[in-house]
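Notes follow the structure.
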Amino acid sequence: NAGVTQTPKFQVLKTGQSMTLQCAQDMNHEYMSWYRQDPGMGLRLIHYSVGAGITDQGEVPNGYNVSRSTTEDFPLRLLSAAPSQTSVYFCASSYSRQNNEQFFGPGTRLTVL
Amino acid sequence: GDSVTQMEGPVTLSEEAFLTINCTYTATGYPSLFWYVQYPGEGLQLLLKATKADDKGSNKGFEATYRKETTSFHLEKGSVQVSDSAVYFCALSDRGDTNAGKSTFGDGTTLTVKP
């Protein structure tokens, strides 16, 4: 199993550009989430999904869109990048409500100029 | 809503010293509790977990006990090594319907162990 994979690992954008961060898992996990990690602020939940076709907002959803058309994939779209979105982004998945430890991808380091 | 408060860092210890990182939580339901570790340039990985009161999670010499009466889940290790240098996150995940799939994390504690 590859676990949770994320692409790209690094990305530099200009203000106003859009892009999609890719996330995939091969563990047949029901739940998937996107977090951003900023210095001194821990991890903050952006969006999450409890199954294919079902998504919901987390703590900091503004400026981001998600969709989940398959169990495996959960892409995060930045609509119009802003410098405040400079961060490290982690995708995570968990198996079920009862078995709910998170498995994390390696992260995408995004810089918005 | 749910929240996790972690001991502020950074923490610097000498090799073989005793480690405690404090963690307390607030949750409306009956959560599972976790400690995750993050090494430089990597994602978080599960260190240990506990799912009910008085459960003790343990792994690689680290331990934490789920204390419902004090809403705490403190991380301990009797003798740290240089290789334990990392950032440690306390987290909770509610198994209820409304919070399924979400975890709440503390701000992280950076541990540096010197030889």
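Here is the naming used below: chain letters follow the sequence lines, and residue numbers restart at 1 for every chain.
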Inset, instruction - Select one option (side chain, backbone, both, neither) describing which atoms of B/Gln38 are under 4.5 Å from chain A's heavy atoms. - result: side chain
Inset, instruction - Check whether any side-chain N or O of B/Tyr36 sits under 3.5 Å from a backbone N or O of A/Gln102 as a donor-acceptor pair, and report yes or no. - result: yes
Legend entry - Whether over 12 other heavy atoms sit under 6.0 Å from A/Arg44 CZ: yes
Legend entry - Within one Ile-Leu-Val-Met-Phe-Trp-Tyr cluster: A/Leu21 and A/Phe74, side-chain cutoff 4.5 Å: yes
Legend entry - Chi angles and distances behind the side chain to side chain contact (heavy atoms under 4.5 Å, CB included) call for A/Glu101, B/Phe34: CA-CA 8 Å; A/Glu101 65 257 35; B/Phe34 307 89; 3.5 Å; yes
Legend entry - Single-linkage hydrophobic cluster B/Leu47~A/Tyr35, side-chain heavy atoms < 4.5 angstrom: no
Inset, instruction - Would you give the length of the straight line joining atom CG of B/Leu46 to atom CZ of A/Phe104, rounded to the nearest 0.5 angstrom? - result: 9.5 Å
Legend entry - Choice from B/Ala91, B/Gly43, B/Gly108, B/Gly106 maximising heavy atom contacts with chain A below 4.5 Å: B/Gly43
Inset, instruction - Following the transitive rule for hydrophobic clusters with a side-chain heavy-atom cut-off under 4.5 Å over Ile, Leu, Val, Met, Phe, Trp and Tyr, establish whether A/Tyr48 and A/Tyr31 coincide in one cluster. - result: yes
Inset, instruction - Give the minimum heavy-atom separation between A/Gln37 and B/Phe89, together with the two atoms involved. - result: NE2-CZ, 3.3 Å
Legend entry - Heavy atoms of other groups near B/Glu15 CD, more than 12 under 6.0 Å: yes
Inset, instruction - Find out whether A/Leu43 and B/Leu44 are in side-chain contact, i.e. whether some heavy atom of one side chain is under 4.5 Å from a heavy atom of the other. - result: yes
Legend entry - Cluster overlap B/Leu92 with B/Tyr88, hydrophobic side-chain contacts below 4.5 Å: yes
